[in-house]
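One structure below.
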Amino acid sequence: MNDAFFQSPLPKNEPVLPYAPGDQARAQIEKQLKAFRSQPMDIPLIIGGKEIRTGKTIRATEPHRHSQTLAQVHQAGEKEIKLAVETALRAQKDWENLAWQDRAAIFLKAADLLAGKYRPLVNAATMLNQSKTVHQAEIDAACELIDFFRFNVSYLAKIYSEQPESAPGTWNRMEYRPLEGFVFAVTPFNFTSIAGNLPTAPALLGNVA
């Protein structure tokens, strides 16, 4: 038990990279685009940290170039959905009892990784899967999702700090707790940042999604 009031880092909007000719960022994303196109992937379900391949697959192509196969994607059925729900609920107690600052630290680390080594990967994937330009992908997939992770931590701290007023001779205190059960987040196909934010915002608050 830590007896301390923790202050979350002050969030700032992630700068948008220009991807001008000769830029290192431009070279990195061009390399990643070629890598994705050169070798189609086999994409499993991830449940409880384990890769699950159902054998029931669909072919993922570039929307603007149907001849280009990007991946074979394994589809979930009733069995896998039930397993995902059960796995989330098994993790619920440990996750909701984790100190809020430790949950927050995970998402701040994720923001740093996305701003660095994984930036070309997520942007290139967005460009090919959603037919976006590099600037559209940069704004959505990288910058906005980075901002979601960092600003959500700040909002979390603000929510937890809000307390009711107390009359003389009393001390009103309020504790926040997660929801019962699990959160089912249905994410959009055309906005990477929203797809990342819908399940992670409730998770940051101690829910399982």
Side-chain angles (χ1 to χ4, degrees), residues 1-14 43-52 54 73-115 118 122 126 130 140-167 170-209:
M1 180 70 70
N2 293 317
D3 292 327
F5 291 101
F6 296 99
Q7 184 174 3
S8 62
L10 182 66
K12 296 180 180 179
N13 289 113
E14 178 67 15
I43 300 180
L45 305 167
I46 306 294
I47 301 177
K50 297 179 180 178
E51 296 184 356
I52 296 178
T54 62
V73 184
H74 291 261
Q75 300 293 285
E78 183 178 350
K79 174 184 174 183
E80 290 76 31
I81 293 171
K82 182 179 179 181
L83 178 61
V85 171
E86 292 172 348
T87 302
L89 293 176
R90 282 199 299 270
Q92 185 174 21
K93 185 175 181 180
D94 289 340
W95 180 246
E96 70 180 18
N97 287 329
L98 191 65
W100 74 264
Q101 64 270 13
D102 293 329
R103 297 198 306 268
I106 292 171
F107 288 94
L108 292 176
K109 180 63 175 179
D112 289 344
L113 290 170
L114 187 55
Y118 293 112
V122 73
T126 297
Q130 300 171 26
D140 164 33
C143 296
E144 191 170 3
L145 187 52
I146 293 166
D147 287 350
F148 275 138
F149 288 161
R150 290 175 176 163
F151 277 85
N152 282 351
V153 167
S154 179
Y155 298 149
L156 171 73
K158 183 178 180 181
I159 289 171
Y160 284 169
S161 68
E162 291 179 347
Q163 292 291 310
E165 294 183 2
S166 298
T170 65
W171 184 12
N172 293 326
R173 295 178 295 170
M174 181 166 62
E175 293 184 13
Y176 295 82
R177 65 180 181 85
L179 302 170
E180 300 290 339
F182 63 93
V183 174
F184 178 50
V186 182
T187 62
F189 75 94
N190 59 339
F191 274 99
T192 304
S193 58
I194 299 176
N197 187 54
L198 281 181
T200 60
L204 177 61
L205 284 141
N207 300 289
V208 290

Straight-line distance of Q92 CD to N207 CG, nearest 0.5 Å: 8.0 Å
Y118, OH atom: more than 12 neighbouring heavy atoms under 6.0 Å: no
Derivation of the side-chain contact (heavy atoms from CB on, under 4.5 Å) call for T200 and F148: CA-CA 9 Å; T200 60; F148 275 138; over 6 Å; no
For the student: nearest non-hydrogen atoms of N152 and A201, plus distance: ND2-CB, 4.0 Å
Min side-chain heavy-atom separation N172-M174 under 4.5 Å: no
Validation row: T187, P199 side chains within 4.5 angstrom (heavy atoms): yes
Non-hydrogen side-chain atoms of L198 and P188 separated by less than 4.5 Å: yes
Side chain E80, main chain G77, donor-acceptor under 3.5 Å: yes
Nearest-0.5 Å distance, CD of residue E180 to CD of residue E96: 8.0 Å
Polar contact flag, side-chain donor to acceptor under 3.5 angstrom, N190-D140: no
Heavy-atom donor-acceptor pair, T54 side chain to Q75 backbone, under 3.5 Å: yes
Reported CD-to-CD1 distance for the pair E78 and I81, which is rounded to 0.5 angstrom: 7.5 Å
Side chains of T192 and Q130, donor plus acceptor under 3.5 Å: yes
Which atom of S8 lies closest to which atom of S154, heavy atoms considered: OG-CA, 3.7 Å
Pairwise distance CZ(F151) to CD1(I146) - rounded to 0.5 angstrom: 11.5 Å
Atom pair CD/CG of E144 and N13 - distance to nearest 0.5 Å: 10.0 Å
Check: I46 and E51 side chains under 4.5 Å, non-hydrogen atoms: yes
N/O donor-acceptor pair under 3.5 Å between W95 side chain and A88 backbone: no
Closest approach of I47 to A84 (non-hydrogen atoms, all atoms of both residues): CG2-CA, 3.7 Å
Rounded distance [0.5 Å steps], OG1 in T87 versus NZ in K50: 8.5 Å
Exercise: identify the closest heavy-atom pair between I52 and P44: O-CB, 3.5 Å
With sequence neighbours excluded, residues passing salt bridge (Lys or Arg N to Asp or Glu O under 4.0 Å) with E14: R119, R150
Sequence neighbours excluded - ring pair (Phe, Tyr, Trp, His ring centres under 6.0 Å) pairs with any residue from residues 175-209: Y160-Y176
Residues in ring pair (Phe, Tyr, Trp, His ring centres under 6.0 Å) contact with F107, at least two apart in sequence or another chain: F149
Backbone of S193 reached by a side-chain donor or acceptor of N197 within 3.5 Å: no
Non-hydrogen atoms of P178 and L205 that approach each other most closely: CG-O, 3.9 Å
P9 and L108, any side-chain heavy atoms less than 4.5 Å apart: yes
